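Since this is a predicted model, take the numbers as computed values, not measurements. Residue numbers start from 1 in every chain, and the chains themselves are labelled A, B, ... in the order their sequence lines are given, proteins ahead of strands.
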Protein chains: 2
Amino acid sequence: MSSQLSPSFAAARRSFIEAGGQTTQSFGLGRIIGQTFALLYLSPKPVCLDEIVAELGVSKASVSTAVRQLSDWAAVKRVWVKGDRKDYYEAETEFTEIIRNGLLEIVRKKINTAGIQLAKVEASLQDAHDGARSPTRDEAALLAARLARAKKFHQKLNGLLGNPLLEHLL
Amino acid sequence: MSSQLSPSFAAARRSFIEAGGQTTQSFGLGRIIGQTFALLYLSPKPVCLDEIVAELGVSKASVSTAVRQLSDWAAVKRVWVKGDRKDYYEAETEFTEIIRNGLLEIVRKKINTAGIQLAKVEASLQDAHDGARSPTRDEAALLAARLARAKKFHQKLNGLLGNPLLEHLL
DNA sequence: ATCTGCGTTCAGTGCGGACTGAATACATCT
DNA sequence: AGATGTATTCAGTCCGCACTGAACGCAGAT
């Protein structure tokens with residue numbers, strides 16, 4: 001692909017792709033996701049799966065799943081090239097959109113499951129309160145109070161993540 | 001510790017601690033960090049290392065490092081009990097502070113290292129531009145343009161994370 | 001219908017990082 | 001000073017998860 005490009009230009013390109021991989025990996029998303037996006041982000045024309053596989057030197061399976069992840073977040077979009085049976089992909093260049101659909105969505109999910117667990121704790125605390133003997137009361141009261149604070153904070157976080165003002169700041 | 005508490009109360013407590021572990025683990029911070037904080041958060045009095053070790057059933061080393069992590073973020077604070085050589089810990093109950101000092105700080109670091117890598121790419125692109133022959137120019141121009149956009153977004157993120165308005169929303 | 005060239009799936013592998021246990025360092029008491 | 005009870009450190013182990021390779025499914029072409 002980059003046969004006639006100057007060596008140092010190719011180096012800069014690879015460096016950028018590597019940086020993409022490092023970044024996504026540091027966020028626990030895996031290396032190939034970032035590398036794939038970076039590659040597409042730098043490409044002037046749509047790129048097919050096998051080209052990505054060739055340039056990154058990884059398995060087709062990895063790129064396939066990475067590309068799906070990325071298109072789930074609308075970080076890349078499929079492009080059909082007429083007369084070609086391959087799938088081609090190009091990057092969404094608007095980072096703000098990607099954060100909105102990708103990262104923030106992930107965080108929302110995690111916050112949400114945390115909230116579900118809080119609700120379960122609340123339920124089992126109800127049971128505990130019913131059959132409580134005297135020495136339990138103080139402990140139970142503290143747990144209830146702390147649990148309430150946790151729930152309140154959880155709601156505040158939810159509000160923040162849904163706040164249009166946050167997305168406006170991006 | 002909870003010998004005279006009702007079974008279902010103890011269950012609620014363990015459930016909360018477990019939820020804490022799940023949450024921190026889902027954010028890639030490890031399970032014990034969240035469990036330790038949750039335990040301290042529910043405790044009416046300061047707790048020493050060995051009590052945490054006993055209740056969580058994990059190694060002393062794990063709890064030791066977890067506790068240090070947590071106090072780095074000011075999520076827990078050391079408390080001295082006079083006449084006792086052990087270290088005691090209690091939780092910071094103000095979640096907002098923890099997010100500020102912990103999670104946001106982590107994200108800032110990651111964003112920062114990403115920025116450093118971008119700078120490196122920019123530098124090697126400078127070299128490439130110097131020795132460029134004609135067919136390279138277009139590709140180089142695109143890379144430069146996209147790199148500029150990436151840098152701009154990086155700065156925007158930095159600004160957002162440093163924005164007092166964000167912390168005010170918490 | 002068969003063949004050909006794609007993308008996807010899934011059981012298995014390898015690796016990175018959390019966790020452990022023993023050795024170490026440290027503090028306080030006698 | 002030594003002794004004792006504590007926290008910390010560090011090499012090693014274990015485990016989850018990203019990644020792989022082969023088998024599969026599914027198109028369109030002939």
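Looking at Thr23(B), its side chain does come within 3.5 Å of a backbone N or O of Ala19(B) through a donor-acceptor pair. When atom types are taken as modelled, the side chain of Thr24(A) and the backbone of Gly30(A) share a donor-acceptor pair closer than 3.5 angstrom. At least one donor-acceptor pair under 3.5 Å links the side chain of Lys110(A) to the backbone N or O of Ser26(B). At least one donor-acceptor pair closer than 3.5 Å links the side chain of Glu92(A) to the backbone N or O of Glu94(A). Between the side chain of Arg78(A) and the backbone N or O of Asp87(A), no donor-acceptor pair lies under 3.5 Å.
Under 4.0 angstrom from either OP1 or OP2 of dG21(D) there lies no side-chain N or O belonging to Ser59(A). When the side-chain nitrogen and oxygen atoms of Ser62(B) are compared with OP1 and OP2 of dT20(C), one or more of them lie within a distance under 4.0 Å.
Between the CD atom of Glu51(A) and the C1' atom of dG5(C) there is a distance of 16 Å, rounded to whole Å. Note: CD1 (Ile52(B)) to C1' (dA7(D)) measures 12 Å, nearest angstrom. Per the geometry, CD1 belonging to Ile32(B) stands 14 Å off C1' belonging to dG21(C), to the nearest Å. As rounded to whole Å, 17 Å separates atom P of dA18(D) from atom CG of Leu56(A). The interatomic distance linking Asp50(B) (CG) with dG5(D) (P) rounds to 12 Å, in whole Å. Taking atom CZ on Arg31(A) and atom P on dG14(C), their separation rounds to 16 Å, with Å as the unit.
Contacts with DNA chain D (heavy atom under 4.0 Å) in residues 66-87 of chain B: Arg68(B), Arg78(B), Arg85(B), Lys86(B), Asp87(B), listed by number.
The cluster map of Ile, Leu, Val, Met, Phe, Trp and Tyr, joined by side-chain heavy atoms under 4.5 Å apart, puts Leu166(A) and Leu170(A) in the same cluster.
Aromatic ring orientation, Phe95(A) versus Tyr41(A): tilted (interplanar angle from 30° to 60°).
Of the candidate nucleotides dC19(C), dC10(C), dT8(D), dT8(D) has the atom nearest to the side chain of Tyr89(B).
Comparing Lys60(B) and Lys60(A) by the nucleotide of DNA chain D that holds the closest heavy atom to each, the one mapping nearer the 5' end is Lys60(B). The nearest heavy atom of DNA chain C to Gln25(A) and to Leu49(A) marks one nucleotide each, and the one closer to the 5' end goes with Leu49(A).
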